[in-house]
Amino acid sequence: MFLKNTWYVACTLDEIDGKPLGRKICNEAMVFFRGENGEVSALEDFCPHRGAPLSLGFVREGQLVCGYHGLTVGHDGRCAKMIGQRVGGFPAVRRYPSVERHGFIWVWPGDAAKANAAKIPHLEWAESEQWAYGGGLYHIGCDYRLMIDNLMDLTHETYVHASSIGQDEIEEAPPVTSAEGDSVVTSRHMENIMPPPFWAGALRANGLDGDVPCDRWQICRFTPPSHVMIEVGVAHAGKGGYHAAPEHKAGSIVVDFITPETDTSIWYFWGMARNYRPQDAELTAAIRKGQGQIFAEDQDMLEAQQRNLLTYPERRLLKLNIDSGGVQSRKVLDRLIAAERATEPEQV
Amino acid sequence: MFLKNTWYVACTLDEIDGKPLGRKICNEAMVFFRGENGEVSALEDFCPHRGAPLSLGFVREGQLVCGYHGLTVGHDGRCAKMIGQRVGGFPAVRRYPSVERHGFIWVWPGDAAKANAAKIPHLEWAESEQWAYGGGLYHIGCDYRLMIDNLMDLTHETYVHASSIGQDEIEEAPPVTSAEGDSVVTSRHMENIMPPPFWAGALRANGLDGDVPCDRWQICRFTPPSHVMIEVGVAHAGKGGYHAAPEHKAGSIVVDFITPETDTSIWYFWGMARNYRPQDAELTAAIRKGQGQIFAEDQDMLEAQQRNLLTYPERRLLKLNIDSGGVQSRKVLDRLIAAERATEPEQV
Amino acid sequence: MFLKNTWYVACTLDEIDGKPLGRKICNEAMVFFRGENGEVSALEDFCPHRGAPLSLGFVREGQLVCGYHGLTVGHDGRCAKMIGQRVGGFPAVRRYPSVERHGFIWVWPGDAAKANAAKIPHLEWAESEQWAYGGGLYHIGCDYRLMIDNLMDLTHETYVHASSIGQDEIEEAPPVTSAEGDSVVTSRHMENIMPPPFWAGALRANGLDGDVPCDRWQICRFTPPSHVMIEVGVAHAGKGGYHAAPEHKAGSIVVDFITPETDTSIWYFWGMARNYRPQDAELTAAIRKGQGQIFAEDQDMLEAQQRNLLTYPERRLLKLNIDSGGVQSRKVLDRLIAAERATEPEQV
């Protein structure tokens, strides 16, 4: 149950540095590699010779060489050579449209004819020198929609992340959810509260007092297929909150690209983009480490929730106001998936 | 294939000390916790909000708080509160009757309306100061009835526990089995034999010579659903055996509560109760350690036997005189399970 | 999809030295043990008493004693004794024909009435003092036919074993395949090439210069059910290659017995027999160690290939000239399996 005619984040650049990467995405086994001119290719991870995974091979002169018997595939999936063989009649390997952009490799698992690189979202923080970004990748055993739910309802911070970003005031401030086209936005504003440890540290890193009352905001934005960008931050109380001038606040964008691996597992690309002290690499590393620890706390809960839902598939869950962000995001997905299926040729 | 309208041992008291415990019993996912007044609750381990296991949460003021978004459940399973929410209309969590008694938490996985705490067996050794008890818990991958078979035919001691409690004379003494109502008793008496290492040690712990001929007894008593209490001991030969005066013997009760987890796995609560030197905590610990090592020897055999039976489901096994205890116990179970099903409403 | 009325290598002699060995072969759970007169027995690994695996027991006076309750089986599978029981009416345990020969235990998993020890292949290298043999056993998760393919197309050496026995010249020399009756032979001869590291070492071990141009040969011979013997070697160039006199060459026989465990796993007995310095045990150990490291390189590839083929069961693979050895071997197997099924009584 995922969109296939869309762009997903497949991997980061370091993952294909000098070697191919095998990764299953939307139930498709893919291999990613970088060609001689630096262009990136995504092919089916199946050698037409004897079925070995091409990802166990290596890249030579920009072509992917199967590690079993040496069948060599070009960036377009066509067999380029195999020593001692005439490869003209060999079947080509399926190619998936792929694009390098914003520091990631993006892949289109569906109908290649419909791929349009212009639909890859523009990410200002990935291009501007005013911003710094650090992030990582987690493999989690849950339906990608459980992670969307998780990120569109930050009430869970108080419980799952109690020691870092959680605080009682989160759940006391009701969120407001709205949908606009295919986007869903859930916002929560807390006023005149003490910042939790993570944010007290961020204020100090920004040269501000971390032990004074603040206004805090969380603005979660879902866009299909499964991206959730969250504007988060704190400002010293009474300075305008989200709209406060830069010298009164510390804020950033939590970046979440959720790429389905199978129906019950995901590749979760998480990170944080900030627009203060962007050249400070040590700060970037420190934030990345802290966020990595916090976001790892979700894994056990999501996997246990997934097992419970598989055990009791017929159960109806509650849909509270705090769940509205996830519920509306799923509605968008349901609508888009139905539309995609209606226009696709029947699959056997 | 297990009784559900009955009491099983669910856990020991230390397992719910200050935190909830998730445990599957008879294929039902349960969470156990202790409320503000000390009473114990067993609920379905499924939060009605988003399906997270409640056992990943925590206990606050005697209520169980879901660790994902904070839905709070009382000891009766009703939603007591959730910050920012009106919980009056929330569905209750299924409650399983549970009782603390004899140092264990007991649970009734079936129809709550039929639960009757008076049916929990009376265990004299658990209440009297004349007795000491030590035990442990093993998780084993086998049908609970294979463990009943195991305990109702102690012939296996000679092979599985050769270095501790086994001895050739066991299998040379034919057991006598009788059924009375729902109970099955298998007895074996050996006369004028040398005690094996475990019992030589028990005699010495009791101030008796461990290197002289003894009479030895094993009286295994099965009661539904899956409790096996075994009176075991040795007396110096010619002093009356099982009926010898206390100064001539060392005896104890092997305690076995077998709680099905699934069709092919169990929670096995084992222990030993003795009525000599009951205040000697060091002796209790030493016996517990020794028994734990001996009883761990059964695990590989039972799990391998289970795998073989799953591989060859159609095979008929032998039913020898030594198997009579297990065979008759299964007959009792078959009869009670059939009766339970006849009176239950049809399950879809 | 394997032949059952045939001889497979079941184990090596050390594996049944003083204790029984449980091993599944062709989906049959078997136990192997050596009797009082040294004869070897293969029985079904299932005790008729309660279904425990007999392989968890022990051998006493040449009989196999079940480790659970002591049922004792003779080499013919008949129950010989059980203390306190009359075993005359006990069902016998299924016996599989087994033979010790050439340093291995051979087993016939099919119809015992058709077993004929004369059909075990004669292995000159296993009997003659002019030869030395060293080998090992790997358990690999793949269809046995994928390993036959592997060994009948040594093109893979250039990729999988690049640092030891691989070299570009292998794939540049087209192989020649021929079938004769049930045998298939694939030969490849390379002339005037530099020997790769493994063979340079073998030349030196044989007292020859390892850094001069050589002629190299690989002659792979498949015989049913799944044996592949490969004559391999190098001779100083121009001395006659495969037919060169012993003082100009180093050669050996790669020995491969592939025994199916299940449809997707094998017991792979590999080794090397050589007819130079046969008394040099250190050399045997060194070759064995080197071969073990090289042959371990195939495991990841074969298991990944197997997973890919299970994921895409409908895919047609290429059948190139280099694949002809495997393709023709499979044709032999298909023909023999069809013949075996035609003459067997219907199995339910």
Side-chain angles (χ1 to χ4, degrees), chain A residues 19-31 33 43-61 63-73 77-94 96 109 261-263 265 347-348, chain C residues 142-143 145-163 166-177 186 188-190 264 297-327 330:
Chain A
K19 58 183 194 316
L21 170 73
R23 178 156 289 164
K24 184 176 282 185
I25 292 178
C26 294
N27 286 326
E28 309 266 349
M30 301 181 184
V31 54
F33 69 103
L43 304 178
E44 189 171 66
D45 197 11
F46 188 99
C47 178
H49 176 215
R50 304 301 298 169
L54 291 164
S55 57
L56 290 186
F58 56 92
V59 177
R60 184 160 57 190
E61 296 171 8
Q63 294 180 318
L64 182 56
V65 183
C66 179
Y68 202 179
H69 304 93
L71 185 148
T72 301
V73 181
R78 272 190 280 206
C79 294
K81 70 174 174 184
M82 187 172 179
I83 293 174
Q85 305 296 333
R86 278 192 288 267
V87 299
F90 282 19
V93 178
R94 177 176 173 182
Y96 299 92
E261 181 191 45
T262 67
D263 292 343
S265 60
Q347 299 264 334
V348 180
Chain C
C142 72
D143 186 312
R145 292 169 297 187
L146 295 185
M147 182 56 98
I148 295 174
D149 293 343
N150 174 287
L151 293 163
M152 294 296 284
D153 176 15
L154 298 183
T155 310
H156 81 273
E157 292 185 357
T158 307
Y159 297 92
V160 179
H161 312 302
S163 67
Q167 60 182 157
D168 288 348
E169 292 87 349
I170 293 175
E171 55 192 342
E172 290 162 359
V176 175
T177 300
T186 288
R188 180 182 260 132
H189 293 272
M190 295 151 269
T264 54
E297 295 172 332
D298 291 288
Q299 177 147 358
D300 282 354
M301 182 61 76
L302 286 162
E303 295 186 343
Q305 181 191 21
Q306 177 69 66
R307 285 192 297 272
N308 246 359
L309 296 177
L310 290 172
T311 304
Y312 300 97
E314 78 295 350
R315 292 287 168 91
R316 307 291 296 179
L317 302 180
L318 292 178
K319 294 178 181 176
L320 308 177
N321 64 325
I322 57 174
D323 302 311
S324 184
V327 168
R330 286 166 179 255

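Side chains are part of it too, since the values below use all heavy atoms of this structure and drop only hydrogens, waters and symmetry mates. This structure is a prediction, so every number in the text was calculated from the model and none was measured. All chains are named by letter (A, B, ...) in the order of the sequence lines, taking the proteins before the strands, and each is independently numbered beginning at 1.
In this structure, chain A has no heavy atom under 4.5 Å from any part of C:I170.
Heavy-atom neighbours of A:R94 CZ from other residues, nucleotides or ligands within 6.0 Å: above the threshold of 12. Within a 6.0 Å radius of NZ in C:K319, no more than 12 heavy atoms belonging to other residues, nucleotides or ligands are found.
Distance check, rounded to the nearest 0.5 Å: CZ of C:R315 to SG of A:C47 gives 11.5 Å. In this structure, the separation between CG on C:L309 and CZ on A:F46 is 5.5 Å, given to the nearest 0.5 Å. Residue C:I322 holds its CD1 atom at 6.0 Å from NE2 of A:H69, rounded to the nearest 0.5 Å. Atoms CD and CE, on C:E171 and A:M82 in that order, are 7.5 Å from each other to the nearest 0.5 Å. Of the inter-residue distances, the one linking A:R50 atom CZ with C:L320 atom CG reads 8.0 Å to the nearest 0.5 angstrom.
Residues meeting the side chain to side chain donor-acceptor pair (under 3.5 Å) test with C:E172, sequence neighbours left out: none.
Contact between C:L146 and A:Y68 at its shortest, heavy atoms only, is O-OH, 4.3 Å. The shortest non-hydrogen separation linking C:D300 to A:L56 is O-CD1, 4.2 Å.
Scanning residues 151-161 of chain C against chain A with a 4.5 Å heavy-atom cutoff picks out C:D153, C:T155, C:H156, C:Y159, C:V160, ordered by number.
Most heavy-atom pairs under 4.5 Å with chain A: of the set C:N321, C:D323, C:T311, this distinction falls to C:D323. Ranking A:G70, A:G22, A:G84, A:P91 against chain C, the residue ahead of the rest is A:G70, based on heavy-atom pairs under 4.5 Å. Each of A:S55, A:P53, A:G57 has some count of heavy-atom pairs under 4.5 Å with chain C, and the biggest count is that of A:P53.
Between the side chain of C:N308 and the backbone N or O of A:D45 there is at least one donor-acceptor pair closer than 3.5 Å.
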